[in-house]
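What follows is a set of notes on a single structure, which appears directly below.
Sequence positions, counted from 1, serve as the residue numbers for this chain.
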Amino acid sequence: MKKILSIALMMFVIFQSACAGDVITHDTKRLPEAARKFISTYFARAQVSHIKIESELFQTKKYEVLLTDRTEIDFDRHGEWLEVDCNDTPVPLGLIPPYVSNYLGETFPGTHVVKMERGHRELEVDLDNGMSITFNAKGEVTDIDD
C-alpha cells in the first residue's frame with residue numbers, strides 16, 4: 001500500500017511539473033483586458049518589453065509585465081494590479097489613493113511614491129527617500145520603515 005501511495009504521489013508531482021510553467025511573451029493580448037486597460041491608462045508612453053505569465057496546473061496565477069521605461073507591474077489572474085514598481089521615477093498620481101496623497105503631502109512634503117504593493121487588506125508604498133509606509137484598508141498608517 002505504501003508503495004502504491006508513493007508511486008501515485010510521484011506521478012502527481014511529475015504531472016504537475018509538466019503542466020505548470022512560466023511563459024515569456026511580448027503579446028499583450030495574452031493579458032486580461034483589465035491589465036491592458038491599466039497599462040494604456042497609466043503608462044501610455046511606455047511599451048511592453050515582455051510579459052512573464054506564471055501558471056500552475058492549468059491556472060494562471062500572475063502576470064509580471066516589464067515596460068520599456070523599466071517599470072514592473074504585477075497583475076493577478078483577473079488583471080487587477082498587485083504591485084507597481086517604477087524604480088526611481090514617481091508612480092502616476094492617478095494610481096495613488098487620496099488618503100496616501102494627503103498623508104504624504106502633510107507628513108512628507110516633496111516626496112514621491114516610487115513603488116506600491118497591494119495586499120489583501122493593506123497598501124504599502126515606498127518613497128523616493130527610502131521610506132516605506134503601510135496603510136490599512138481604512139487608510140490609516142500601520143507601519144513606517146525608514
The residue among Arg36, Arg30, Lys37 that forms salt bridge (Lys or Arg N to Asp or Glu O under 4.0 Å) with Glu33 is Arg36
May I ask you to decide if Cys86's main-chain N or O and Thr89's side chain share a donor-acceptor pair within less than 3.5 Å? yes
Out of curiosity, Asp76 CG to Lys61 NZ, how far, rounded to the nearest 0.5 Å? 11.0 Å
Examine Val84 and Met131 and state if one hydrophobic cluster contains both, with Ile, Leu, Val, Met, Phe, Trp and Tyr joined whenever side-chain heavy atoms are less than 4.5 Å apart. yes
Heavy-atom distance under 4.5 Å between the side chains of Ile53 and Thr25, does that happen here? yes
Going by atom types alone, do Asp69 and Thr71 pair a side-chain donor with an acceptor below 3.5 Å? yes
Would you call the rings of Phe38 and Phe43 parallel, tilted or perpendicular if under 30° counts as parallel and over 60° as perpendicular? tilted
Beyond-backbone contact of Phe75 with Val65, side-chain heavy atoms, under 4.5 angstrom: yes
His26 NE2 to Leu66 CG distance, which is reported to the nearest 0.5 Å: 10.5 Å
Can you find a pair of side-chain heavy atoms, one from Arg118 and one from Trp81, that are under 4.5 Å apart? yes
Do you reckon Tyr63 sits in the same ILVMFWY cluster as Val48, going by side-chain contacts under 4.5 Å, direct or chained? yes
Under 4.5 Å between side-chain heavy atoms, hopping through other hydrophobics if needed: is there a path connecting Tyr42 to Leu31? yes
For Arg77 and Pro32, which heavy atoms make the closest approach, and how far apart are they? O-CG, 3.6 Å
Hey, could you give me each pair passing side-chain hydrogen bond (donor to acceptor under 3.5 Å, both in side chains) that has a residue in residues 137-146? Not counting sequence neighbours. Asn136-Glu140
Kindly compute the distance separating CD (Glu72) from OG (Ser49), expressed to the nearest 0.5 Å. 10.5 Å
Could you go through the salt bridge (charged side-chain N to carboxylate O under 4.0 Å, His left out) check for Glu64 and Lys62 one step at a time? CA-CA 7 Å; Glu64 294 179 5; Lys62 187 166 73 166; 3.6 Å; yes
Does CG belonging to Asn87 count more than 12 external heavy atoms closer than 6.0 Å? yes
Can you give me the closest heavy-atom contact between Ala34 and His78, atom names plus distance? CB-O, 3.8 Å
Single-linkage hydrophobic cluster, 4.5 Å side-chain cutoff, Leu95 and Phe108 together: yes
What's the separation between atom CD1 in Ile133 and atom CG in Leu104, rounded to the nearest 0.5 Å? 5.0 Å
Of all pairs that satisfy ring-ring contact (aromatic ring centres under 6.0 Å, His included), the ones with a partner from residues 125-146, not counting sequence neighbours: Tyr99-Phe135, Tyr103-Phe135
Quick check: do Ile96 and Val91 have side-chain heavy atoms less than 4.5 Å from each other? yes
Do Asp88 and Asp128 come close enough that some side-chain heavy atom pair is under 4.5 Å? no
From Thr68 OG1 over to Arg45 CZ, what is the distance, rounded to the nearest 0.5 angstrom? 12.5 Å
pair Val113-Leu127: side-chain heavy atoms closer than 4.5 Å: yes
Any side-chain heavy-atom pair from Ser101 and Leu93 closer than 4.5 angstrom? no
From Glu83 CD over to Asp126 CG, what is the distance, rounded to the nearest 0.5 angstrom? 8.5 Å
Give a yes or no on whether Met116 and Val100 share a hydrophobic cluster (residues Ile, Leu, Val, Met, Phe, Trp, Tyr; joining criterion: side-chain heavy atoms under 4.5 Å apart). yes
